[in-house]
Amino acid sequence: MYVYDQYDQQIIEDRVQQFRDQTRRFLAGELSGEEFRPLRLQNGLYIQRFAPMLRIAVPYGLLSSRQVRMMAKIARDYDKGYAHISTRQNVQFNWPDLEDVPEILAELATVQMHAIQTSGNCIRNTTTDQFAGVAKDEIVDPRPWCEIIRQWSTFHPEFTHLPRKFKIAVNGAASDRAAIEVHDIGLEAVNNAAGELGFRVSVGGGLGRTPVVGSFINEFLPWQHLISYLDAILRVYNRYGRRDNKYKARIKILVKALTPEVFAERVNAEWAHLKDGPTTLTEAEVARVAAHFVDPAYQPLHNQDAALAQLDAEHPGFARWRQRNTFAHKQTGYVAVTLSLKPTGVAPGDVTDKQLDVIAELADRYSFGEVRNSHNQNIILADVEQTQLFSLWGELREHGFATPNVGLLTDIICCPGGDFCSLANAKSIPVAEAIQRRFDDLDYLFDIGDIELNISGCMNACGHHHVGHIGILGVDKKGQEFYQVSIGGNSGREASLAQILGPSFAQDDMPDVVDKIIKVYIEQRTDEESFLDTFRRIGVAPFKERVYAANH
Amino acid sequence: MQRIIKNGQVVDESWHLLPKDTTLDGLSNCDDLIVPLALWVEHPSALKARDGGLGVWLDAGEEIEEIADQLDNFQVIALNFPAFTDGRHCSSAYLLRTRYGYKGEVRAIGDVLRDQLFALKRCGFDAFALREDKDPQDALKAFEEFSEVYQASSDQPQPLFRRRA
Ligand code: HEM
Ligand code: SF4
């Protein structure tokens, strides 16, 4: 993974000093709350229900074991002993004291980490495929490009006060696990017919109040021009994005208002001035960054299909886990393993300090000392030898990471909701838990198969409910917590937004509602048809009928 | 008298910033004036004929393209920040310096606070009229906050990746 040189280190250390002084001035009354607010936000610090919430940047989800240990230490020393993996691959702490934040940042800087631009109206952490660099269907490793974008976006002087937050995602594989089409900018690395590398560029995707699937405005942007083209998009947005209404301030509204074609023309007109200028990327720079993302020292190993099948036969639990929680690796003899952070009864994405220490250790012993956070709020050991899989499984079970539910109904994406978030209309964690409890039969879960259930506590959509195969949204009805249900969303390639079923439901009804939706699928599916396929074939009506029939 | 930051130093302000609804009536002939864009657009020749210095100021929604071919007339171009979180004029300053080659003073006015100065300077501002309740002397510290930067901008045409040792 990327290792800071003296320049990168200097910049984050300067940042620690800067924020220390800003916090001091705020506490001394030299900065008003209003003046401090955007400053702390640009440093990931929200003031929430009980305490500030601090969001720490995990660039494109990658962490070294040393960094994971630091997360554990912070959870222990400054929080209540746990951390939360966010849907943007970051790490959040729910309980630090404001006074401690400068110290936390100083500690983070010792392991090349920071909280820069993890919230606020600026360019946020760039996200990507959690299986970057190891997926079989990868065409281009997106990580060097993410790092190049990270450096360009860090304290970009012109774009520190955009109309609204700005999120960039990069995909380099045949499937899109980075949900690029629901980002402000989505970049898909591609090779053209001549074998040259470039990017397809989507703009104006996003969730929130007004969910939109992005529009591709450039089918092939040669890699040299990535930064100048991003500068051009951001400049058009910074100048012309709406600032009069924060709900209409995202770039998607500007793209819609202008139409994608006109927006693209504006970008091209701006880009014409920048193209081939000093921000043109050099082979040397790309090579310098890419050198940090070469393969680890893989051993020449063989695939262990027969041996693993044998273990499957002897240990049905292992078989189940292997089926759901492992992911095929490009390197023979290796496999990627997802640690499920979704056992029933734990808020999705929560990990304790002890678990983090264990993860760091497992990473050192099994996976070249690195882990990845996924936007599904799980953690991945990307480079495990197949011969070690069985012993790893044993250790994971011991520490509560082996729930065999990755990609299943109980692998719920869920925002903090009303338990922590002051913007919430409704709680989300208890709904997730009630659904997990209802669907506690593993055979049934396996039978249902691949399905994504996403829950947000309000229309800000932190839990990505619009792109869940089943999406649940907390709404407020005369001061009471209700839940609106939608189905058919998809964040992958050919992204689509879910359709709302109808009137919302009380919290207690939610497991029943989900149960009915699932039953319709089970009854209607053909062999091999996933939930999403069935939905696409039969439409929303049969689900609607079933769910509301019983209500009367 | 207001004190402003110019080229990294706190100096006495000698220019008069005129409000948006200013008309030609009773306009001083010898004072140094920063006039609102609308007045300039309506009366360029009258303003040019004065003896005093001339500057123009643009509100956040006004575009520098309006005056891009007339920049020679202004010793000062002031760009207003209705709120410090409105970053539109960061782009304006950048364009003034890099695209339109403006060499005069580019001044930040309005809700201008210490914690924005470092970035504003990078974009091309060289003068800062801080919000009245703020101490410009204290704000000078902002310019030393970072010793290195990644991006190219108007202060540094080469991005860090072309300068890395
Ligand atoms: C508890 C404190 C939180 C607050 C106050 C908060 C606030 C918000 C707000 C206001 C938005 C909408 C902004 C917009 O559309 O312009 C938003 C979006 C989002 N949040 Fe959060 N959030 C919180 C926690 C989280 C957590 C824990 C996650 C991850 C699990 C998360 C992930 C996201 C994502 C992915 C979006 C993007 C939706 C989009 O693309 O528009 N947030 N958040
Ligand atoms: S979706 Fe709403 S309730 Fe959930 S974390 Fe985001 S802002 Fe809070």
Side-chain angles (χ1 to χ4, degrees), chain A residues 5-11 13-15 17-18 21-22 25 30-32 34-39 42 120-122 148 150-163 227-228 231 234-241 243-244 270 273-274 277-282 284-286 288-289, chain B residues 60-65 81-95 97-100 111-125 131 133-135 138-139 141-142 144-165:
Chain A
D5 64 10
Q6 79 265 25
Y7 300 105
D8 304 301
Q9 187 66 31
Q10 185 66 50
I11 288 169
E13 285 179 10
D14 288 348
R15 169 52 155 193
Q17 288 314 319
Q18 183 194 38
D21 190 55
Q22 288 169 344
R25 283 185 284 139
E30 294 169 33
L31 278 175
S32 70
E34 209 186 320
E35 287 161 13
F36 185 53
R37 187 171 176 278
L39 306 181
Q42 303 232 337
N121 297 332
C122 49
I148 286 169
R150 182 191 76 81
Q151 298 192 13
W152 160 78
S153 62
T154 298
F155 302 128
H156 196 304
E158 196 182 331
F159 308 132
T160 49
H161 293 293
L162 295 169
I227 297 303
S228 56
D231 268 328
L234 267 293
R235 186 165 299 138
V236 170
Y237 172 55
N238 187 43
R239 299 189 73 191
Y240 302 108
R243 291 177 186 262
D244 57 330
E270 178 58 38
H273 295 283
L274 309 177
T279 56
T280 306
L281 285 167
T282 59
E285 171 64 359
V286 176
R288 181 188 77 84
V289 176
Chain B
E62 294 174 331
E63 297 176 20
I64 35 125
E65 280 76 7
F81 290 81
F84 71 88
T85 50
D86 186 330
R88 281 178 278 187
H89 277 324
C90 297
S91 293
S92 310
Y94 173 84
L95 292 171
R97 294 295 190 207
T98 58
R99 189 156 308 161
Y100 304 119
D111 197 26
V112 180
L113 306 176
R114 165 177 163 175
D115 295 285
Q116 280 66 55
L117 297 192
F118 187 88
L120 294 182
K121 177 169 177 240
R122 291 213 61 206
C123 294
F125 288 95
R131 208 174 70 193
D133 59 327
K134 298 290 178 185
D135 174 10
D138 173 64
K141 293 181 197 140
E144 265 105 66
E145 277 171 354
F146 289 93
S147 43
E148 191 49 90
V149 293
Y150 285 117
Q151 310 76 10
S153 195
S154 86
D155 64 329
Q156 170 52 275
Q158 300 293 319
L160 179 60
F161 68 77
R162 288 181 184 269
R163 296 182 284 114
R164 271 189 146 102

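Convention: sequence-line order gives letters A, B, ...; per-chain numbering from 1.
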Asker: Provide the closest heavy-atom pair for B:L113 versus A:E35 in the form atom of the first, atom of the second, distance.
Answerer: CD1-CG, 3.8 Å
Asker: So, do A:P278 and B:P159 sit near enough that their side-chain heavy atoms are less than 4.5 Å apart?
Answerer: yes
Asker: Can you name the closest pair of heavy atoms from B:F84 and A:H161 and give their distance?
Answerer: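 Smallest interatomic distance, heavy atoms only, reads O-CD2, 3.6 Å.
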Asker: Can you say whether B:Y94 sits under 4.5 Å from chain A via the side chain, the backbone, both, or neither, judging by heavy atoms?
Answerer: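 Contact with chain A is through the side chain of B:Y94 alone.
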Asker: With only heavy atoms counted, which part of B:E145 is less than 4.5 Å from chain A, the side chain, the backbone, both or neither?
Answerer: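 B:E145 touches chain A through backbone and side-chain heavy atoms alike.
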Asker: So which of A:I227, A:N121, A:L162, A:L281 has the largest heavy-atom pair count under 4.5 angstrom toward chain B?
Answerer: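 Among the listed options, the one with the most contacts to chain B is A:L281.
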Asker: Would you mind telling me which of A:Q6, A:R288, A:R15, A:Q17 has the largest number of heavy-atom pairs within less than 4.5 Å of chain B?
Answerer: A:R288
Asker: Check B:R99 against A:L274 and note the closest heavy-atom contact, atom names and distance.
Answerer: NH2-CD2, 3.6 Å
Asker: If every non-hydrogen atom of A:R150 is compared with every non-hydrogen atom of B:Y150, which pair is closest and at what distance?
Answerer: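 Scanning both residues completely, I find the closest heavy atoms to be NH2-OH, 3.5 Å.
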Asker: For A:Q151, which atoms come within 4.5 Å of any heavy atom of chain B: side chain, backbone, both, or neither?
Answerer: both
Asker: Is A:N238 close to B:H89 at the side-chain level, that is, under 4.5 Å between some pair of heavy atoms?
Answerer: no
Asker: Tell me, for B:R163 versus chain A, whether the close heavy atoms (under 4.5 Å) come from the side chain, the backbone, both or neither.
Answerer: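 The backbone, not the side chain.
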Asker: Provide the closest heavy-atom pair for B:L160 versus A:Y7 in the form atom of the first, atom of the second, distance.
Answerer: CD2-CB, 3.8 Å
Asker: Among A:I11, A:D231, A:T160, A:L31, which has the most heavy-atom pairs under 4.5 Å with chain B?
Answerer: A:I11
Asker: Closer than 3.5 angstrom, by distance alone: can the side chain of A:Q18 be matched with the main-chain N or O of B:A142 as a donor-acceptor pair?
Answerer: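 Not a single qualifying donor-acceptor pair exists.
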Asker: Using modelled atom types and a 3.5 Å cut-off, is there a donor and acceptor pairing between side-chain atoms of B:R162 and backbone atoms of A:T280?
Answerer: yes
Asker: If I measure from the heavy atoms of chain B, does A:Q9 come under 4.5 Å with its side chain, its backbone, both, or neither?
Answerer: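 Neither part, no heavy atoms under 4.5 Å.
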Asker: Kindly write out the residues that satisfy salt bridge (charged side-chain N to carboxylate O under 4.0 Å, His left out) with B:D138, not counting sequence neighbours, or none if the list is empty.
Answerer: B:R114, B:K141
Asker: Are any of the side-chain heavy atoms of B:T85 and A:R37 separated by less than 4.5 Å?
Answerer: no
Asker: Please determine, among A:E13, A:Q22, A:H156, the option with the most heavy-atom pairs under 4.5 Å with chain B.
Answerer: A:H156
Asker: Flag the pair A:F155 / B:V149 as yes when at least one side-chain heavy-atom distance between them is below 4.5 Å, and no otherwise.
Answerer: no
Asker: Got a sec, which pairs hit salt bridge (charged side-chain N to carboxylate O under 4.0 Å, His left out) with one end in residues 151-163 of chain A, sequence neighbours left out?
Answerer: A:E158-A:R235
Asker: Between B:I64 and A:R239, is there a side-chain heavy-atom distance shorter than 4.5 Å?
Answerer: yes
